[in-house]
Structures are given as structure tokens and as C-alpha cells.
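Below you'll find the structure, written out as C-alpha cells, and then a few comments.
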Amino acid sequence: MNKATSKPPRGRAFLTVFLKEVKENLRDRRTLMSAFLTGPLLGPLLFVMLINVTLNRELEKAEKPLPVPVIGAEFAPNLLEALKAGGVVPGAAVADPEQTVRKQDADVVLRIAADYGKAWRKGEPVQVELFYDSSQRDANTSVERVTRLVEGYARQQGAMRLVARGMSPSTAWPLQVARRDQATPQSRAVLMFAMLPYFFVITIFMGGMYLAIDLTAGERERQSLEPLFANPVARWKILCGKLAAICAFSTASLLITLLAFAVVGQFIPAEKIGMELDLGLHFATYVSLLMLPLVLLLAVLQSMVAAFAKSYREAQTYISLLMLVPIIPSLLLSFMPIKAQAWMYAVPLLGQNLGIMQLLRGDGVTGEQLGLCLAGSLAAALLAVLATVQLYRSEKLAISA
């Protein structure tokens with residue numbers, strides 16, 4: 001007569017485990033901090049702050065007067081006037097220009113040879129020397145600025161010499177290169193925001209990390225897994241309930257990050273350097289789609305790694321090492337720029353990275369690329385789930401050493 005009550009509704013065990021784990025971890029301050037604050041908000045804030053500081057510093061250096069020590073200024077007064085017109089402030093000569101730039105006492109030093117005037121009057125080629133240290137990235141803007149001014153002055157004077165001899169200035173340049181840059185303001189943003197995919201992956205990772213450790217290694221250490229496994233519930237259902245809880249926290253963390261980037265992205269002065277950045281609803285929707293299978297894959301991998309640990313602390317160590325894996329695609333694409341092939345979208349992490357970069361460029365993601373990305377990552381996640389199910393069947397998992 002109690003047939004209905006003796007057979008619990010399908011999925012009841014899964015739902016019970018899921019709700020229990022979510023409720024318990026919503027009370028844990030460390031999990032909440034990691035899932036909803038540290039991971040999703042710290043990354044966007046640091047990212048925008050660094051980008052703003054870098055851009056404003058470069059723009060300020062490109063516009064404000066630039067002091068440049070000049071050796072032999074008296075030999076080329078006209079060149080000095082041209083430099084002054086371009087915002088360069090000629091400074092006093094230094095005794096050792098090499099050491100000056102190495103010690104960063106100046107970004108660039110200009111040296112004019114003593115025979116500059118004599119050669120100039122004869123119409124012979126003259127040479128000026130620019131001393132700089134290319135390893136000092138902070139000096140690149142100053143070096144480019146002085147180089148551009150000197151070369152512009154040289155072209156102008158060369159053209160005037162030809163005109164004085166009754167020749168067309170174009171005589172000296174029989175071949176001209178017309179550069180047709182096909183990059184759009186939005187695609188240029190990729191150069192600066194190449195690390196953005198890594199932020200999203202790390203956010204997902206951080207969002208579920210403490211939950212994954214606590215639900216496996218933590219419960220094992222507290223000896224609460226053994227009574228849980230003693231219940232007449234299939235262990236795969238218990239695992240699915242735990243994974244659902246981890247995925248819920250990771251997804252919430254990802255959504256908070258996307259919202260944070262959409263808000264703080266408006267404060268990045270990308271338009272000042274000819275770039276366009278769109279981190280709005282369209283971008284957030286596609287990133288969410290691309291990342292959904294990765295949420296499951298990372299949750300399973302974290303649970304699997306935590307299951308091998310004998311204690312909570314040991315699981316933290318193992319999962320911290322696992323955190324290095326997501327950075328591989330970003331590093332690979334940074335140091336080895338490659339042309340994306342269709343199969344690459346099916347590789348977990350790499351496919352998400354390529355898809356997000358295309359969204360940043362404004363090219364969008366095709367249905368085929370999205371399908372490959374979802375199918376590849378989902379297949380990897382299902383394989384990892386099957387392996388973890390086997391791990392959960394082991395009696396050793398419930399026993400704390």
C-alpha cells in the first residue's frame with residue numbers, strides 16, 4: 001500500500017545531495033569568498049586597473065614634453081629646432097650615453113657628430129646616433145617618438161634638396177609601399193586583451209575549487225563519506241549531486257565575472273589608442289555558452305584530483321598544481337601565434353580560448369566552431385565523469401587514512 005512512498009521519485013537522491021551541499025557551502029565563508037568575491041571580482045578589477053595605468057602612462061608620455069640629452073647640439077641647430085617643434089626638450093650632454101640609458105637616467109640619448117655641419121653643407125649623408133635600451137619597455141614610446149621626429153626631418157630636408165636641384169622629391173623614392181592595415185578597431189583589442197580567456201577559466205576554477213575539495217577530501221577527512229555511502233543510493237547519483245553543486249557555484253562565479261567585465265570594461269580608455277572593446281550582452285552570452293562544458297569538465301577534474309588526496313591540505317596542493325593547466329593555451333597562443341584550424345575548437349581549453357579571441361576581434365563564432373567546442377569539451381567531461389564514477393565505487397575512498 002505504501003508503494004508510492006517505498007519508491008522515491010526518480011532523481012530525488014541527486015536533488016537531495018545537491019541541495020544539501022549547496023546549503024552547507026553557502027554557510028562557509030571561505031567558499032563564498034572564493035566563489036563570489038575573490039575569483040570573479042578581483043580579476044576584472046586588477047585587469048582594468050593595470051590596463052588603465054599602462055594606457056594612461058603611455059598616452060601621457062606620448063603627449064607631454066620629452067627631455068632628451070643631446071651630445072653635439074651645437075652642430076645641428078636646425079635639427080634641434082625640428083625636435084623642439086615635436087615636443088622634445090634637448091637636455092645637457094652626458095659623458096657616457098651607454099651607461100645613461102642602461103641606468104635608466106634617460107630613455108634615449110641623441111649624439112650628433114662633430115662633422116655634421118661640414119657633411120651637411122656638402123650635401124653628403126650624415127648620421128646621428130640614438131642610444132637606448134630596447135630591454136627597457138618603459139622607454140619604447142620615447143624611442144619611437146624621437147626616431148619618428150628625426151626621420152621626418154630627414155625626409156623633409158631630402159625633399160627640399162631635390163627641389164633645389166630642380167628635381168621632383170619622388171625621384172628619390174621610385175617605389176612606395178602603401179600599407180593597407182585590415183585590422184579593425186575591435187580586432188586590434190586582441191593584442192592587449194589576449195589574457196582575457198585565462199581570467200574566465202581561472203574564475204570557473206576558483207568558483208568550484210573549495211567546494212570540490214570539501215565535498216571529497218574534506219568529507220573523507222571528517223569521516224562523513226562512509227555513512228553517506230552506507231545509504232541505499234547509487235554512488236554515481238551521490239557524485240552527480242556533488243558535481244551539480246560544484247557546477248552551480250562555478251557558473252555563478254563565471255556570471256559574476258562576465259557582469260563585472262561588462263561594467264568595468266566601460267572604464268578602459270581603449271578608444272584613445274584606436275581600439276574598440278565590446279564586453280556587453282552578446283559577448284557574455286557566447287562566452288557563457290563556450291564555457292558551460294568547461295564548467296563540468298573542471299568540476300570533475302577537481303573532484304577526481306581531490307579524491308586521490310588523503311587530507312584537505314593535500315587536496316589543496318594537488319588542485320593548486322592543476323590550476324596551472326588552464327594557462328597553457330593562453331601561453332601557447334601568446335608565444336606561438338597560430339592560424340586556427342577547425343579541429344582545434346574541439347580541444348578543451350584551446351577551443352574556448354580561440355572562440356573568445358574571435359569574439360574580442362568582432363569576428364563572432366560560427367555554429368560549426370561553437371558545436372565543435374561544445375562537443376569536444378563535453379566528451380572530455382563525460383569521460384572524466386565515467387572515470388570518477390569508477391573512483392567513487394572504491395571502498396578506499398570513504399576511509400580516511
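For the numbers below, each heavy atom of this structure counts, side chains included, while hydrogens, waters and symmetry mates do not.
In this view, Ala234 and Trp236, Lys237 satisfy the side chain to side chain contact (heavy atoms under 4.5 Å, CB included) rule, not counting sequence neighbours. Partners of Leu374 according to the side chain to side chain contact (heavy atoms under 4.5 Å, CB included) rule, which considers only residues two or more places apart in sequence or in another chain, are Pro293, Leu370.
Summarising the geometry of Ala384 relative to Met304, their closest heavy-atom pair is O-CE, 3.5 Å, with the distance given to 0.1 Å. Minimum heavy-atom separation, Leu80 to Pro90: CD1-CG, 3.2 Å.
Ring planes of Trp120 and Tyr116: parallel class, angle under 30° (limits at 30 and 60°).
Judged by distance alone, the side chain of Thr203 and the main-chain N or O of Leu254 form no donor-acceptor pair under 3.5 Å. Side chain of Arg161 to main chain of Gln157: no donor-acceptor pair is present (N/O by atom type, distance under 3.5 Å, no hydrogens or angles). Here the side chain of Asn25 pairs a donor or acceptor atom with the backbone of Glu21 at under 3.5 angstrom. Remark: side-chain polar atoms of Arg220 are paired, donor with acceptor, to backbone N or O of Ala307 under 3.5 angstrom. With hydrogens and angles disregarded, a donor-acceptor distance shorter than 3.5 Å links the side chain of Gln302 to the backbone of Phe205. Not one N or O on the side chain of Ser394 forms a donor-acceptor pair closer than 3.5 Å with the backbone of Gln390.
A heavy-atom distance below 4.5 Å is not found between the side chains of Asp28 and Leu32. Contact check for Gln352 versus Phe200: no side-chain heavy atoms found under the 4.5 Å cut-off. Phe47 places none of its side-chain heavy atoms less than 4.5 Å from the side chain of Val264. With a 4.5 Å cut-off on side-chain heavy atoms, Ile112 and Ile71 do not count as touching. Using a 4.5 Å heavy-atom threshold, the side chains of Leu26 and Phe249 count as touching.
Within the structure, the side-chain hydrogen bond (donor to acceptor under 3.5 Å, both in side chains) test picks out the following pairs touching residues 139-153 (sequence neighbours left out): Glu58-Thr141, Asp107-Ser142.
The environment of CD in Gln127 is sparse: at most 12 heavy-atom neighbours from other residues, nucleotides or ligands sit within 6.0 Å.
Defined by atom type and a distance below 3.5 Å, a donor-acceptor pair is present between the side-chain atoms of Glu314 and Tyr318.
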